[in-house]
Amino acid sequence: MYRFYINNTDDEYHYLELGRAFLPDDGFEVIPYRGSSLDGLLKDGSFFVNSKGSSDRDEIKREFFRLLSDITGSIPPWGTLTGVRPLKPALAIASETSVQEMRKVFSDKYLVSEAKIDLISEIADYQLSLGLGDPWDKVSVYAGIPFCPTRCAYCSFASNVADAEAHERYLKDLIRETEYAGRLAKSHDTVIESIYIGGGTPTTLSADQLGRLISTVSGSFGISPQELEFTVEAGRPDTITADKLMTLKSMGIGRISINPQSMKANTLKLIGRDHEPDDIRRAFALARDAGIGIINADLIAGLPEEDVEDFRASLEEIIGLGAENITIHTLSVKRGSRLRDNDPAYYRRGADTVTKMLDISVDMLHSAGYVPYYIYRQKHQMASLENVGWCLPGTHSIYNIRIMEDKQTIIGLGAGAVGKVYYRDEDRLERIANVSNYNIYSERFDEMLARKDEYYR
């Protein structure tokens, strides 16, 4: 057990997060300290950080980072940056000065590697080139369907295996909540920028149920799906049918997700999916036959028993299937997932392999004409890496960009939905969360409705 005494601070949070990039949670302790030097009093495995008594958190973090690197021999590529949204400081600097100045700050202040600076610079360049403007005066809407045909080993989302009766009961409540939220939005002249139906897996619903939900969202908020970005996740190929896709297309939906995670049959079994790679290929063909214009596909680097060549083969096939958007996730072993319960330290192994997978993805996607356009990180992510969304130019998702900017109100509907209210004058967000369990959501439905009023206070 290592002990790190961080001088001249009362808050250990930022240093704990940095320490986790190097050491397991039970392998170190961070102790805020104020006082004279501890030289001569430290036991083996104990270290005194910030002996100069600096009050500059970034300076202290740089010293701590270098100490941890010396101890472990590891140099995490994101340097001292530990937040979920590394693009936020990058865009703030680039918008006020230049991308070149941002590169210098990321190198000198945050100790970020050259490869990650190149990546964040390319994403910043792409987003700045779009001229998206200030999103604060518009709103996005998220509606959650908390059902899947099976639960994946790495999943910690509000996702449940349930029967058709439960689906219908839940949908009726979600429709009522949507109608209520829509009436509020109309009464406040709210402008809707994008709508995202996620989960879970929304296509666990029937074609008729999907049609009723989309019709309710459109009518309640007074929008036409053809005139804004309206996305429906169809992540699990074993839930995709021709009639569901034709329903989506007929209602103006032009963007869906089909999320293979891997194209290796054994991997799909290991992570708890009851489908084959051929089902993924079939789903892409059905979507194209239905006339769906933009398909996002997710792949995960670092899945159990996969090597670099397995990942390369999966990505090569997804590129060949013509997905307009491809999101490369680095496996995160989250609390509440079966993988974490069975092997809590899984994410600490295979750092070299998963790093090579991400390096390969950059080369392959660039060569195929894709550009990176959004990025985020998660806790307990292998090698402290990142998730990156790539797109063929012009096919980016506004919703994905906005959700990572944290500068827009997101109205959350359904079990597990976490809405956000953005206060521009204070540049801050306030979360408005529904309960995650779909049964409790129904039991406390009046409370869920009342929470919608909080978006307008």
Side-chain angles (χ1 to χ4, degrees), residues 1-34 45-50 54-93 105-113 116-117 119-120 154 156 302 329-337 339-340 344-351 354-355 358 375-388 403-406 418 428-429 431:
M1 167 74 78
Y2 291 101
R3 287 183 174 83
F4 301 101
Y5 294 86
I6 312 296
N7 190 28
N8 201 28
T9 184
D10 298 314
D11 180 9
E12 71 270 26
Y13 173 78
H14 296 280
Y15 308 103
L16 276 172
E17 289 301 301
L18 183 56
R20 288 180 177 127
F22 295 86
L23 296 164
D25 289 356
D26 59 358
F28 74 104
E29 185 179 5
V30 167
I31 304 165
Y33 180 83
R34 289 185 184 272
S46 296
F47 300 87
F48 189 56
V49 180
N50 189 28
S54 173
S55 58
D56 183 338
R57 182 194 297 158
D58 287 309
E59 182 180 344
I60 302 171
K61 287 176 72 174
R62 287 193 294 273
E63 180 184 337
F64 191 32
F65 180 91
R66 291 176 175 124
L67 172 61
L68 290 164
S69 292
D70 288 342
I71 291 171
T72 64
S74 174
I75 307 177
W78 284 103
T80 64
L81 287 177
T82 56
V84 171
R85 295 168 170 82
L87 188 64
K88 283 192 74 175
L91 279 176
I93 298 165
V105 171
F106 266 52
S107 176
D108 297 345
K109 183 177 181 178
Y110 301 126
L111 307 182
V112 177
S113 74
K116 298 308 176 189
I117 293 174
L119 176 64
I120 209 80
Y154 51 78
S156 65
H329 295 266
T330 303
L331 181 65
S332 173
V333 184
K334 303 171 188 174
R335 290 184 179 87
S337 68
L339 184 56
R340 184 178 174 87
Y346 179 89
Y347 76 100
R348 305 208 70 86
R349 299 192 295 274
V354 80
T355 298
L358 262 65
I375 183 171
Y376 67 103
R377 301 174 67 202
Q378 295 170 284
K379 291 183 180 181
H380 298 111
Q381 201 156 24
M382 293 183 72
S384 293
L385 290 168
E386 70 278 344
N387 308 318
V388 179
I403 201 75
M404 291 301 148
E405 282 180 325
D406 269 355
V418 179
R428 72 176 180 88
L429 286 169
R431 288 161 53 98

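Hydrogens, waters and symmetry mates play no part in the numbers below; they use all other heavy atoms, side chains included.
- Counting only distance, with no hydrogens or angles, the side chain of Lys116 and the backbone of Trp78 share no donor-acceptor pair below 3.5 Å.
- Once rounded to the nearest 0.5 Å, the distance linking CG of Leu67 with CG of Asn50 reads 12.0 Å.
- Note: Ser384 OG to Ile75 CD1 = 13.0 Å, rounded to the nearest 0.5 Å.
- A distance-only check finds a donor-acceptor pair linking the side chain of Ser332 to the backbone of Lys379 [under 3.5 Å].
- Ionic pairing of Glu386 and Arg377 is not present here: no N-O contact between side-chain nitrogen and carboxylate oxygen is shorter than 4.0 angstrom.
- To the nearest 0.5 Å, the span separating CD1 on Ile60 from CG on Asn7 amounts to 7.5 Å.
- Taking all atoms of both residues into account, the shortest heavy-atom contact from Ser74 to Ser69 is O-OG, 3.0 Å.
- Minimum interatomic distance between Ile120 and Ala90 (heavy atoms only, all atoms of both residues): CG1-CB, 3.8 Å.
- Residues Glu12 and Ile31 fail the side-chain proximity criterion, which asks for heavy atoms closer than 4.5 Å.
- For Phe22 and Phe65, the distance between ring centers is under 6.0 angstrom.
- For the pair Ser46/Tyr2, no side-chain contact is recorded, criterion being any heavy-atom separation below 4.5 Å from C-beta on.
- In this structure, the ring of Phe4 has its center less than 6.0 angstrom from the ring center of Phe47.
- The heavy-atom pair separating Gly79 from Leu18 by the smallest distance is O-CD1, 3.8 Å.
- Gln381 and Asn387 form a side-chain donor-acceptor contact under 3.5 Å, judged by distance and modelled atom types alone.
- Within the 4.5 Å cutoff, no side-chain heavy atoms of Glu405 are placed close to those of Leu87.
- In this structure, Arg85 contributes its side chain and Met404 its backbone to a donor-acceptor pair below 3.5 Å.
- Once rounded to the nearest 0.5 Å, the distance linking CG of Leu429 with CG of Asp406 reads 4.5 Å.
- Proximity of a side-chain donor or acceptor of Thr80 to a complementary backbone N or O of Arg62 within less than 3.5 Å is not detected.
- Counting only distance, with no hydrogens or angles, the side chain of Asn8 and the backbone of Ser54 share a donor-acceptor pair below 3.5 Å.
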**OP:** Check the pair Asp25 / His380 against side chain to side chain contact (heavy atoms under 4.5 Å, CB included), numbers first and verdict last.
**Re:** CA-CA 10 Å; Asp25 289 356; His380 298 111; 3.3 Å; yes
Original post:
Going through the checks in order, is the salt bridge (charged side-chain N to carboxylate O under 4.0 Å, His left out) test met by Glu17 and Arg20?
Top reply: CA-CA 5 Å; Glu17 289 301 301; Arg20 288 180 177 127; 2.4 Å; yes
**OP:** Start with the C-alpha distance between Leu16 and Phe28, add both sets of side-chain angles, then the distance that settles side chain to side chain contact (heavy atoms under 4.5 Å, CB included), and finish with yes or no.
**Re:** CA-CA 9 Å; Leu16 276 172; Phe28 74 104; 3.8 Å; yes
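- The shortest heavy-atom contact between Pro86 and Tyr376 is CD-CA, 4.4 Å.
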**OP:** Go through the steps for Val354 and Leu331 under the test side chain to side chain contact (heavy atoms under 4.5 Å, CB included), then give the verdict.
**Re:** CA-CA 9 Å; Val354 80; Leu331 181 65; over 6 Å; no
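- Contact of the Tyr15 side chain with the Lys61 side chain is registered, since non-hydrogen atoms from C-beta on lie closer than 4.5 Å.
- The two atoms that bring Val112 and Ile117 nearest to each other are O-CD1, 3.4 Å, heavy atoms only.
- Counting only heavy atoms from C-beta outward, the side chains of Phe106 and Leu81 approach each other to under 4.5 Å.
- With contacts defined as side-chain heavy-atom distances shorter than 4.5 Å, the pair Thr330/Gln378 does not qualify.
- Atom CZ of Arg34 sits in a crowded spot, with more than 12 heavy atoms from other residues, nucleotides or ligands closer than 6.0 Å.
- Inter-residue side-chain proximity for Tyr33 and Ile6 is flagged as unmet; no heavy-atom pair is nearer than 4.5 Å.
- When all heavy atoms are compared, the tightest approach of Asp58 to Asp56 is N-OD1, 2.9 Å.
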